[in-house]
Q: 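Have a look at the structure that comes next, please.
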Amino acid sequence: MEETIKEEITTEKEDELVFLTPMDVSKIIGCSVQAARELFYREDFPTIKVGKNLKVMKSAFVDWCRSRRV
């Protein structure tokens, strides 16, 4: 039981530091890269700008998707 808890905590920490690009998002939600890139410019989308690159934390993206479910 103790190992399971440690694995869950480790998995959560690893997920927090994973960043997705517009190309990654397009593959996940099944749209064009351009449509995914447009999401990154929405005010309600949790975008992070790293230099000229747009990224989103995987955990923030999952939370955003859950809040947008119909």
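Keep in mind that this is a model prediction, so the values were computed, not measured.
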Q: With side chains defined as the heavy atoms from C-beta onward, is the minimum distance between M57 and F19 less than 4.5 Å?
A: yes
Q: Under 3.5 Å, side chain of W64 to main-chain N/O of P46, donor-acceptor pair present?
A: no
Q: Decide side chain to side chain contact (heavy atoms under 4.5 Å, CB included) for I28 and L20; before the verdict, give the C-alpha distance in whole Å, the side-chain angles of both, and the deciding distance to 0.1 Å.
A: CA-CA 10 Å; I28 291 169; L20 303 173; 3.9 Å; yes
Q: Decide yes or no on side chain to side chain contact (heavy atoms under 4.5 Å, CB included) for T47 and R42, but give the supporting numbers first.
A: CA-CA 8 Å; T47 302; R42 289 176 55 128; over 6 Å; no
Q: Nearest 0.5 Å please: distance from the CZ atom of R37 over to the CE atom of M23.
A: 8.0 Å
Q: Taking all non-hydrogen atoms of both residues, which atom of F45 and which atom of L39 are closest, and how far apart?
A: CB-O, 3.1 Å
Q: Just how far is it from atom CZ of F61 to atom CZ of F40, taken to the nearest 0.5 Å?
A: 7.5 Å
Q: Cluster question for you: counting only ILVMFWY and a side-chain heavy-atom cut-off of under 4.5 Å, with indirect links fine, are L17 and V62 together?
A: no
Q: Which residue pairs satisfy the side-chain hydrogen bond (donor to acceptor under 3.5 Å, both in side chains) criterion with at least one member in residues 18-30, sequence neighbours excluded?
A: T21-D24
